[in-house]
Amino acid sequence: MARSKLEMIFKNQLDKKTIISVDNPKDDLTEEEVSTAMNEIILKNIFSSSGGDLVAISGARIVTTNVQELNLA
């Protein structure tokens with residue numbers, strides 16, 4: 001079974017990267033939607049990190065992991 005997550009990568013006030021992950025993003029998610037959401041997070045100062053407020057977009061990616069469950073019973 002494949003699992004995916006959206007990783008939104010921000011820079012904080014100390015110029016360090018901070019990642020916010022969202023499990024199971026919708027399949028038809030667009031770059032524009034992700035960019036808009038990330039800009040809203042920065043604008044509304046929704047999250048902060050150990051390095052201070054999030055101040056800039058550094059990138060975003062969708063990570064897909066294949067998981068194979070083993071039946072050990």
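We use all heavy atoms of the structure for the numbers below, so side chains are in, but hydrogens, waters and symmetry mates are not.
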Heavy-atom side-chain contact between [X] and [Y] under 4.5 Å:
X     : Y     : value
Ile20 : Met38 : no
Ile41 : Phe10 : yes
Glu33 : Asp28 : no

Is the backbone of Asp53 close enough, under 3.5 Å, to the side chain of Gln13 for a donor and an acceptor to pair up by distance? yes

Would you give the length of the straight line joining atom [atom1] of [X] to atom [atom2] of [Y], rounded to the nearest 0.5 angstrom?
X     : Y     : atom1 : atom2 : result
Ile57 : Lys11 : CD1   : NZ    : 12.0 Å
Ser21 : Met8  : OG    : CE    : 8.0 Å
Asn12 : Ser48 : CG    : OG    : 9.5 Å
Glu40 : Ile46 : CD    : CD1   : 7.0 Å

What pair of heavy atoms forms the shortest contact from [X] to [Y], and how long is it?
X     : Y     : answer
Pro25 : Val22 : CD-O, 3.8 Å
Ser4  : Ile62 : CB-CG2, 4.3 Å
Ala60 : Val34 : CB-CG1, 3.8 Å

Within a radius of less than 6.0 Å around CG of Asn45, do more than 12 heavy atoms belonging to other residues, nucleotides or ligands occur? yes

Given the rule that I, L, V, M, F, W and Y join up when any side-chain heavy atoms are under 4.5 Å apart, are [X] and [Y] in one cluster?
X     : Y     : answer
Val55 : Ile42 : no
Ile19 : Leu14 : no
Leu54 : Ile9  : no

